[in-house]
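Scroll down for the structure; my scribbles are underneath it.
We count ligands from 1, going down the list as the structure has it; atoms in each ligand are counted the same way. For clarity, every value in this text was computed on a predicted model and none was experimentally measured.
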Amino acid sequence: MRTFLPFAAAALFTMSLGLPAPAQAPPAATLTIQADKPLHPVSPMLYGMMTEEINYSYDGGLYAEMVRNRSFTERGFGGIHHWELENQGTAQSTMRYDNETGPSDALPGSMVVNVTAADAKNPAAVRNEGWWGMKVEPNTTYTGSVYARAENGGGSMAVSLVNDVTGKSAASATLSPLSTEWKQYTFTLHTGAVAASTDNQLVLSLPQVGKVWLQVVSLFPPTYKNRANGNRADLMQLLAGMHPKFLRLPGGNYLEGDQIDERFDWKNTLGPLANRPTHRSPWNYQSTDGMGLLEFLEWTEDLNIEPVLAVYAGYSLKGDHINAGPALTPYVDDAMDELEFVTGGADTKWGAVRAKLGHPAPFPLHYVEVGNEDEFDKALTYEGRFAQFNKAIKAKYPSLQVIATMPLKRTVPDVVDDHYYKRAEEFFALLHKYDSMPRTGPKIFVGEWATREGSPTTNMGAALGDAAFMTSLERNSDLIVMASYAPLLVNVNPGGMQWESDLIGYNAASSYGSPSYYAQALFAEYLGTEVTTAALSGASDRVFTSVTRDPSKGALYVKLVNASTEPQEVKVSIAGSHVRSSATLWSLHGATRAETNSITDPKRIVPVKSTVKVGDSFRHMVPPLSVEVMILDAKS
Ligand code: AHR
C-alpha cells in the first residue's frame, strides 16, 4: 500500500530536487455543501470512451488476433511483412504474394509457398512473428483457422506455436488432406505445462513438394466472454474498470480516412474475415477490419454500455469532400442503412443482415454523430452536409439525438462535439468556460479530450489536469451530456504509437492504466445523480472540487483535486443532511508531476483506499499532487 509523504518530508524531497522549498502550508480553504439543495441532475451518460484504430489499438491491441498481417496486405520491397521462411534441414521453398488467386472477391490474392524439396523430417515452412511477439501460456487452448489451396491435393500442413528461444513447439495441429480448391481449415492448439512467454511464433510447415496458397491465417487466445473473433480479456477488464456509459465509435480520423475510399466503410467490415478487404487507416497502417461494425457493437454489449455511432459524412482528412445535394445522397443512404443495421428489427433489411451474422436483437442507440472534426473542411461544406444527414435521420428516427462536429449557423443540432487536447495548466485556465455558457442552445458532447503530458501514457501531472477538467464537466453536466477521453489505447512497443499521451498501455504480455486512467475510473465510479450546491473559497488556484449526491444510495461524493505542490487543508461543512462519522477516501497521488506508470512499473500510482473521520463539519488535508474522492454516508 502507498503512503503519503508527510509535509516536512515532501519539503525535504523538493529541496533535494533543487526546487525551491515550499513556503508554509497555505491557509485552510472552506468547502460549504448544501446537501439538500441540488442544482441539477448529473447527465446519466456523462463518462464514456472514444475509440479508433490508432496506436495499434485493435490490431496488435484490443482485438485479440495473434497473427500479424494475416491477409498479407502489408508488403514492400522486403516481401510480405512479418512473415519469414522457416525451412528445416534440406527443405527448399520460396514465398511471395500471388495476386491471381484468393478465397474471396474481397481477398483476391494470397501468399504462395512454392516447395521444391521437403519431406516429413525436413518440412518447408513459413512463420509469423505476431504483434511484437505472441503470448503463449500454459494449459491454454488457442483457436485458429486458415484458408488454403494446394497445387497437389492430399498433402498436409502442420500448424505450431514455436518458442523463439528454445525452438520447442508448445502446441501443434495437422491439417489434412489439403484440397486443390480454396477451403477454410479450423484447428485448436492446446498447450501443456509450458512456461508463459511472448517469445513465440506461429509456424506453418509443409512436408511435401508443391505449391500451397494461404490466406487469412488466424489464431486467437481465449477472449473476453469467450467471443469468437473477440477481444483481449485484460484490456476489456481495464475498460470495464473505467465504469463507462458509452463508446464513441469508430473515430476520430479513422472514420474519415485520408481519402474517401479509405473511410470506415462499415459494409466492408461485416461477416467472415475473408469477406473483409481490409483498408488503410489514416494512422499509416493497414486495418484488418477484424474489429468491424458488429464487433464494435458487441464490445459495447459486453460492457453493458451504449454505442455513440459516428457516421461518415462526406469529408476525408486530405480535403476530399462531397457537396450537399444529389452527390451526397448515397452517403446519407449508407448512414441510414447503418442505423438500421444497429437498431432495426430482424424484419428490416439491414436488421436481417445483423441477425444472419448472429445478433438478432437490435442494439440500443440514442446518439448519432455526423462526421468528425468538420471544422477542418476548408471548403466549408459541413452546414449543407449536416443538414442533409440531419433531415434524413430525424425523418426516420425523430428521437435520435444528432451530434454536429462543430457549431452551425443555419441548423440547430441537438448536440455539438467539442474536442480538447491540452496541457494541465491550459485546462486549469478553461475550467469556467462552460459555467457561463447559455443553456438555450445545443447540448455539448466533449467527444475527445485529454491532458497531453507524458508518453506513451500520461503521467500524474496529466491526471491532475484531467481531474480538474472533470470537476468542470460534472458541474456543467446539465449542458455537457457526455465526455470521452482520447486516445484510449497504445501499444508501447517501438513503432506502436502514433499519438503521444494515451490512457492505457500494453504489449503482447500485459497492460496497465496510466494515472489518468485511475483518475477517470474514480470520477466515473463515484458520481452522484445530482450536482449539489457547494462553494470552495480560500483555496489555492490549483485546487478544484466537485460535489455530487445520489439520494437513493444516501451517498455524497466529494472530489478534491490538489494540483499544486503544497498541501491544502479544507474545512468542510455540510448542511441539509445527516452525515455519518466516517467516510471512505480514495486518494491518487504522485510524488512529482512526472511520476507515472509504465509497462515495467504498472502500479506505481494507483488509488489508495482509507477511512477518514468526518461529520457535519470537519477538516481534511489534501496532499500535494493528489486526486481525492471522499464517499460520505449522508442521508436526508
Ligand atoms: O484522438 C486522436 C485524433 O485527434 C482523432 O482521430 C481526431 O478526431 C483528433 O484530431
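- Near Gly252, meaning under 4.0 Å from one of its heavy atoms, ligand 1 places the atoms 6 (O), 8 (O).
- For ligand 1, the atoms lying closer than 4.0 Å to a non-hydrogen atom of Glu448 are 1 (O), 3 (C), 4 (O), 5 (C), 7 (C), 8 (O), 9 (C).
- Cation-pi check for Arg68 over Trp132 is met; the charged atom lies under 6.0 angstrom from the ring centroid and within 45 degrees of its normal.
- For Arg423 and Phe428, the positive end is not near the middle of the six-membered ring at less than 6.0 Å and at most 45° from its axis.
- Remark: Lys396 NZ is packed, more than 12 non-hydrogen atoms of other residues, nucleotides or ligands lying under 6.0 Å away.
- Shown in contact with Glu52 at under 4.0 Å from a heavy atom are these atoms of ligand 1, numbered in order with element: 1 (O), 2 (C), 3 (C), 5 (C), 6 (O).
- Each of the atoms 5 (C), 6 (O), 7 (C), 8 (O) of ligand 1 lies under 4.0 Å from some heavy atom of Asn253.
- For ligand 1, the atoms sitting less than 4.0 Å from at least one non-hydrogen atom of Trp283 are 3 (C), 6 (O), numbered in the order shown with element in parentheses.
- Checked against Tyr367 for a side-chain contact (heavy atoms from CB on, under 4.5 Å), the options Leu400, Ile403, Val402, Leu309 give a single hit: Ile403.
- In summary, the side chains of Trp266 and Asp334 do present a donor paired with an acceptor at a separation below 3.5 Å, with no hydrogens or angles considered.
- Cation-pi check for Arg75 over Trp83 is not met; the charged atom does not lie both under 6.0 angstrom from the ring centroid and within 45 degrees of its normal.
- Pro487 counts as a contact of ligand 1, since one of its heavy atoms falls under 4.0 Å from the ligand.
- Residue-to-ligand polar distances keep Trp499 apart from ligand 1: every N/O pair is separated by 3.5 Å or more.
- From the protein, the heavy atom lying nearest to atom 10 (O) of ligand 1 is Glu373 OE1, 2.7 Å.
- Put simply, the residue from Phe523, Tyr518, Phe544 that forms a side-chain contact (heavy atoms from CB on, under 4.5 Å) with Val627 is Phe523.
- Note: no N/O pair closer than 3.5 Å links Tyr254 and ligand 1 by distance alone.
- Each of the atoms 1 (O), 2 (C), 4 (O) of ligand 1 lies under 4.0 Å from some heavy atom of Tyr421.
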